[in-house]
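Contents: one structure, followed by commentary.
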Amino acid sequence: MSSEEKDAYVPSDVEAKWQKRWEERGTNTFTLDELRKAERPYFNLMMFPYPSAEGLHVGNIYAFTGADVHGRYQRLRGKQVFEPIGFDAFGIHSENFALKQGVNPMDLIPSNIRNFTRQLKRTGGMFDWEHTVDTTHPSYYKWTQWIFLKLFDAGLAERKEAPVNWCPSCMTVLANEQVIAGACERCGTPVEQRRIAQWFFKITRYAQRLLDNLDHIDWSESTRKAQGNWIGRSEGATLRFPILEEGGAESGEVVEVFTTRPDTVFGATYMVLSPEHPLVDRVTTPARHDAVDGYRSEASRKDLVARQKIDKTKTGVFTGGHCRNPATGEAIPVWIADYVLMEYGTGAIMAVPGHDERDFEFATEFELPIVRVVAAPGEGPDTPLTEAYVGPGALVNSGVFDGTDVRESVRAVTEWAAAHGWGDMRINYRLHDWCISRQRYWGPPIPIVHCDACGPVGVPESELPVILPRVEDFKPDASGISPLARVESWYRTRCPRCGADARRETDVSDTFLDSGWYFLRYPSTDFDDRAFDAELTNTWLPVDTYIGGNEHAVLHLMYARFLTMALHDLGHLDFEEPFVVFRAHGLITKDSSKMSKSRGNVVVPDPIIERFGADTFRMYLMFLGPFEEGGDYRDDGIQGPFGFLHRVWDTVLEAGDGAPDPDVERKLHRTIEQVTQQLPELGYNTAVAALMEYLNAVRSGGRAAVRAEIEPLVVLTAPFAPHIAEELWERLGHEHSIFDGANWPAFDPAKAAAEAVKIAVQVNGKLRGTVEVAAGADEATVVAAARADDNVSRHLEDMAERRVVFVQDRLVNFVVASTRP
RNA sequence: GCCGGGGUGGCGGAAUGGUAGACGCAGGGGACUUAAAAUCCCCUGGGAGCAAUCCCAUGUGGGUUCGAGUCCCACCCCCGGCACCA
C-alpha cells in the first residue's frame, strides 16, 4: 500500500525535482566555451515576450511550447540546441500601464520580469537562462543605440517631418493601432494630425532585395505573402504635367504623378493633388484660396486612420489651377482631395475616371468629364461608360495609339512619353521608410546630439549607452515632444564634434528597433564590449528555426530582415537573412471564440499547471489542433493527455523484461516513423495521437508491457513531456539526462513491415467487403480472395465485369454493368 | 474590395485520389470495489431492418475519375490580416 502510494505519478513532485536538477546540472545552459566549441549548433528561436503585469498567458505558453518541442526534438537527435528567451519590455504598453498604476516603469518592469521568469521556468521550456536579454537594460540598449549610430553613419538614418496622430486630451502621439474610428482608443477624443520632425530608417532602399529574397527563404507561405504585399511593388511610370498660368501659358513647373496605367493618359481629364502636396499653393488661384485652405485644414484635423478608412464618399475642392495633359495638349483642372495620399507615389495623380473606380466616383460626384480610352471587344470609342472599365481591350480616343491592345499599350505609351521628355518608367513601392522616433519616455534615447553649428551629431561610441534617466514625471504633455525634453539637466550637453553647448535628442526609439536585432545578441551576452561576437555569430547564426505569431508577419520580421541586411552591407555580418526557417503558429481560442478579458474566457495557466502539471498542459496544448493553425481550448479535454501520462508512468513501472511482442514491435516502428516525420513539420497533434495509439496497442486487453516496448515511447514523449520523461528515463536505469545524447529511437523499416494486409473490395466504387491477404500479394491472388467473399460475390451476380482496378495492398474495385434490362 | 486560412459526428480534430470520422473529450453499458476514485473492456454519424445487410452523409451546385473530404469550375458562409496604394 505504502509503496504503491510512493510510486504514483505526482506531476508537481516530478517537475520540481527535474527543474531543480536541470538548473544544478546546467542541462540547458551553455558556458562561453561550450558556445564556442559547439559542433552541431542549432539555434532554436522563439519570439520573446512583452512582460506584462498580468503574467504569462496561454498564447505565450502555446507558442513557446511548440518551439520548445522542436528544440527538444533536435536535441534528442544529437544537436546542441541553444534556446534563449528574453524580454521585450520597452514601449508604450508598459509606459501607459505604469502611468495608469502610478508607478515608474523602472520599478514595474523588473518585477514583471521576475514574475515571467518564475512562470516560464514552470512550463518546462529548455531555456538558457544564462543568455537572456532585457531590452530595457542599459547593457542591451547600449547596443541598440550602437546600431542606430551604424545606420546613421552609413546614411541610412535621416530626420524629416512626418504626420503623426495626436490626441489633444491625452496630449500624446498615438500609433495608428491606437486610433479607433477616428478617436483615441482610451478617451474617445477625436484625433488630430500633427507634423513633427522624426528619425527614419531608409528601409525603402532595400525594398527590392527584401522582396527578392522572399523567393529563397523557407518561411510560412502566409508570412511571405504578407511581406510581399506589404512591400507592394508596382510597375508603372512617372508622368510630368506642365502647370499652366492663369492665361494658359506654361509656367515651367510640372506636377509629377505616378501611375500604373500611363497608357490611359489620353483619358486624364483632371488631376488631383493630396492636400499636403507642396505645389498646392502654387496652383491655387486667388479666387479659390479660401476654399482650398478650408479643405486643407479640415483634412489635417482628421487623423490618418479616419481619413483612410471612414470617408467612403469622396470629397475635394477645385484649386482654380490647370495643367496641360501632355498627351492631348488640353488644359485640365487641378483639384485637391484627401483620397490622394501624400505618402504614396508622388502625392499626386492624373485622374482617369473612365478606367479607375475611385476617379470615376470622384468625377461623378463633381461632374467632371469622363472619357473612354479603352474599348472592350465589341465596344467602340463612343460606347457610354456606366462605371470605370478596367478590363482588357484596345485603346481608343488616344491619337496614334488607337487600336493598341492594352497588353502592349503601357510599354508603348511610356516609351513615347519618355521620347518626348515627359515620362519615365518607374517602379514604386508601398513600403514606407521606417519611422523610429517616439515622443515618449519609455524607450532607449536616440543617441544624437543637436548642435547649432554642426547639426545632428552621433554620440561617440565610447559614450554609449546614453542612459535613460529616471524621471518621476514622465507623463506626456501638450507640447507633443518627449517628456525627456523637460529634463534640462539631462538634455544639456556639449557637441561631441565642436564642443559647443548642445542638446541631446529627446525622442526615444521604437520598440521594433529593440526587437529587430535581439537574436544577434543572445549568443554574445557574455560580452559587454561588443554587440555580437564575430566568431559566436558565425557559429550560431543565422537562426535555424524561428517560431512566432503571424501578427508580426510584416513589421517585426521585416525590420529584423532589414537590419540584418544593412549590418551585412556594413561588414558586421556574413549573412543577410536572419532566419533560415520561419514558421507562424496558429491562434488558440477558448470554446471557439477568441480569448479576451471582456469575454471572461481567458485561460489562466498557473492553476492548470498546479493541478495537472506542466507536462500534461504542454501535451494538451500541442494536441488541440495543428500547431500552425491553432486550436480550441476546452477545460475537459486536458483529461486525455493527463490520463495518457498516468498510463505511461504505470506501464513503465510495471514493465518486465523479455522480447517484444511482434505486433507491438511493428506498431512501435510505425509510430517511430510517423513521429520522426511529423515533429520537424510541426505536426504535433497527430504525433501525440500516434503516441496514444501506440500506448493503447501496448496495453490492449490489459497486457503488461516489456521494457523494449515502452522505453522508446518514453523518448518519443520527451519533447512534449520532458519532466516525466526524465524521471522515467532515470528509473529505467540511465544516469544522464535523456536530453544529453542522441537518444531518439531508430526507425527500422524491416520491423515495421506488415505480414498481412486488409484490402478493401469495392463493386462500382462502393465498399462491399474486405479481405485479408499477405502483404504484397499479386492481383490474381487478391481478386480470387475478393470473389470468394460472400457479399462481394452477391454483388457480382448477374453482372458483366468491365474491368478490375487493383491497387497493391490497398483495394480492388470491380467495375460492372447489369446484364438485366 | 484585396490577401491568407478554413467549413468533416454532440465537441476538438484525423485522413499520399483508394475502407471518411484516427486520436481525444463528452455520453451510454459492463468488470473490479463495501463504496467511490483510478484502471480495464464494449458501444456511440443519421436512417431502415430481428438480422445478414442496405440507403444517406465531409458548406451548396456542377464537372473530371473505376473511385473525390482530397483535383477543376461557380457560389455561400466563418476566422485572421490589409485596405482610396493611383
Side-chain angles (χ1 to χ4, degrees), chain A residues 8 220-226 228-230 232 234 236 257-261 264 272 305 307-312 314 337-341 343-352 356-359 361-362 428-432 550-551 553-554 584 586-587 589 591-594 620 623-626 628-641 643-644 646-647 650 683 685-696 699-703 758-770 790-791 794 802-816:
Chain A
S220 291
E221 185 60 19
S222 60
T223 313
R224 289 197 342 220
K225 280 261 165 61
N229 292 341
W230 191 259
S234 68
V257 302
F258 173 73
T259 174
T260 55
R261 292 297 302 274
T264 62
V272 186
V305 175
R307 177 168 152 186
Q308 286 176 22
K309 288 194 174 177
I310 294 176
D311 284 355
K312 283 299 172 194
K314 303 240 176 319
D338 64 8
Y339 82 91
V340 175
L341 309 173
E343 301 81 53
Y344 187 77
T346 62
I349 62 159
M350 67 173 198
V352 184
D356 180 282
E357 282 167 30
R358 297 150 302 178
D359 297 343
E361 193 194 324
F362 189 83
N428 196 54
Y429 300 92
R430 184 187 168 283
L431 184 71
H432 298 342
N550 230 359
E551 68 271 20
V554 286
L587 213 69
T589 55
D591 300 324
S592 300
S593 56
K594 207 170 166 176
Y620 180 45
F623 183 60
L624 288 177
E628 290 175 86
E629 285 164 41
D632 190 50
Y633 191 98
R634 280 173 327 113
D635 294 332
D636 290 339
I638 199 165
Q639 292 297 341
F644 170 78
H646 270 99
R647 289 191 288 277
D650 292 343
N685 59 328
T686 48
V688 170
L691 301 178
M692 291 173 165
E693 224 176 308
Y694 176 61
L695 185 66
N696 290 344
R699 292 169 62 91
S700 72
R703 68 181 288 276
K758 262 190 183 173
I759 295 208
V761 183
Q762 297 180 338
V763 177
N764 281 349
K766 290 198 178 200
L767 184 73
R768 298 301 180 191
T770 58
D790 283 351
N791 199 40
R794 204 160 56 79
R802 294 280 164 79
R803 61 184 278 211
V804 176
V805 179
F806 173 71
V807 181
Q808 177 100 63
D809 291 346
R810 304 290 311 212
L811 125 165
V812 173
N813 185 15
F814 295 96
V815 183
V816 300

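Owing to the predicted nature of the structure, the values given are computational and were not obtained by experimental measurement.
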Spacing of Arg699(A) atom CZ relative to C41(B) atom P, expressed in whole Å:
8 Å
I'd like a table of atom pairs between the protein and nucleotides 35-38 of chain B - only N or O on both sides, under 3.5 Å - with the distance next to each one.
none

Output all residues satisfying salt bridge (Lys or Arg N to Asp or Glu O under 4.0 Å) with Arg699(A), sequence neighbours left out; order by chain, then residue number.
none
For Thr223(A), report the nucleic acid contact type (base, sugar-phosphate, nothing); a contact means any heavy atom under 4.0 Å.
nothing
Any N/O pairs under 3.5 Å between the protein and nucleotides 7-9 of chain B? List them or say none.
none

Identify, with sequence neighbours excluded, every residue that meets side-chain contact (heavy atoms from CB on, under 4.5 Å) alongside Asp632(A).
Thr589(A), Ser592(A), Arg634(A)
Categorize Asn685(A) for me: base, sugar-phosphate, or nothing, with a 4.0 angstrom heavy-atom threshold over every strand shown.
sugar-phosphate
Close N/O contacts between protein and nucleotides 65-67 of chain B (under 3.5 Å):
| residue | atom | partner | partner atom | Å |
| --- | --- | --- | --- | --- |
| C66(B) | OP1 | Arg803(A) | NH1 | 3.4 |
| C66(B) | O2' | Asn813(A) | ND2 | 3.4 |
| C66(B) | O2 | Asn813(A) | ND2 | 2.6 |

Please list each protein N or O that sits under 3.5 Å from an N or O in nucleotides 1-4 of chain B, with the distance.
| residue | atom | partner | partner atom | Å |
| --- | --- | --- | --- | --- |
| C3(B) | O2' | Asn229(A) | ND2 | 3.2 |

I want to check one thing: is the phosphate of U19(B), taken as OP1 and OP2, less than 4.0 Å away from some side-chain N or O of Arg810(A)?
yes
Ranking U39(B), A86(B), A22(B) by distance to the side chain of Arg647(A), first place goes to U39(B)
When you match Gly637(A) and Asp632(A) each to their closest nucleotide on RNA chain B, which lands nearer the 5' end?
Asp632(A)
From the set G12(B), C23(B), G18(B), return the single nucleotide nearest to any side-chain atom of Arg634(A).
G12(B)
Scoring nucleotides 43-51 of chain B by protein non-hydrogen atoms under 4.0 Å (B base, S sugar-phosphate only, - none) yields ---------
Between Ile638(A), Thr686(A), Val688(A), Leu691(A), which is the residue that forms a side-chain contact (heavy atoms from CB on, under 4.5 Å) with Phe623(A)?
Val688(A)
Return the 5'-most residue of the pair Gly640(A), Thr260(A) with respect to RNA chain B, ranking by each residue's nearest nucleotide.
Gly640(A)
Shortest side-chain distance from Asp636(A), nucleotide among A26(B), C11(B), A86(B):
A26(B)
Can you label the angle between the Tyr344(A) ring and the Phe258(A) ring as parallel, tilted or perpendicular, going by 30° and 60°?
perpendicular
How would RNA chain B look in dot-bracket form, 5' to 3', counting Watson-Crick and G-U wobble pairs with both distances under 3.5 Å and writing | for bases paired to another strand?
(((((((..(((.....[....))).(((((.......))))).((((....))))..(((((..]....))))))))))))....
Give a yes or no on whether a donor-acceptor pair under 3.5 Å exists between the nucleobase atoms of C79(B), that is its base, and the side chain of Lys594(A).
no
Among G5(B), C85(B), G12(B), which nucleotide sits nearest the side chain of Glu629(A)?
G5(B)
With Tyr429(A) via side chain to side chain donor-acceptor pair (under 3.5 Å) - residues at least two apart
Gln208(A)
Please classify the nucleic acid contact of Thr770(A) as base, sugar-phosphate, or nothing, using heavy-atom distances under 4.0 Å.
base
Look for any protein N or O under 3.5 Å of an N or O in nucleotides 52-57 of chain B and output each such pair with its distance, or none.
| residue | atom | partner | partner atom | Å |
| --- | --- | --- | --- | --- |
| U53(B) | O3' | Arg794(A) | NH2 | 3.3 |
| C54(B) | OP1 | Arg768(A) | NH1 | 3.1 |
| C54(B) | OP1 | Asn791(A) | ND2 | 3.2 |
| C54(B) | OP1 | His795(A) | NE2 | 3.3 |
| C55(B) | OP1 | Arg768(A) | NH2 | 3.2 |
| C55(B) | OP2 | Arg768(A) | NH1 | 3.2 |
| C56(B) | OP2 | Lys766(A) | NZ | 3.3 |

Using a cut-off of 4.0 Å on non-hydrogen atoms, how would the nucleic acid contact of Ile349(A) be classed: base, sugar-phosphate, or nothing?
base
Looking only at side-chain atoms of Pro626(A), point me to the closest of C84(B), A86(B), G13(B).
G13(B)
Neighbour count above 12 (heavy atom, 6.0 Å) for Arg703(A) CZ:
yes
Sequence neighbours left out, what passes ring pair (Phe, Tyr, Trp, His ring centres under 6.0 Å) with Tyr620(A)? Give chain and number order.
Tyr633(A)
Start with the C-alpha distance between Arg358(A) and Glu361(A), add both sets of side-chain angles, then the distance that settles salt bridge (charged side-chain N to carboxylate O under 4.0 Å, His left out), and finish with yes or no.
CA-CA 5 Å; Arg358(A) 297 150 302 178; Glu361(A) 193 194 324; over 6 Å; no
Does Ser220(A) have any side-chain contact (heavy atoms from CB on, under 4.5 Å) partners at least two apart in sequence or in another chain, and if so, which?
Ser222(A), Thr223(A), Arg583(A), Ala584(A), Glu628(A)
Which of the following nucleotides, C85(B), A86(B), C11(B), is nearest to the side chain of Arg430(A)?
C85(B)
Checking understanding here: a glycosidic angle within 90° of 0 is syn, the rest anti, so what is G27(B)?
anti
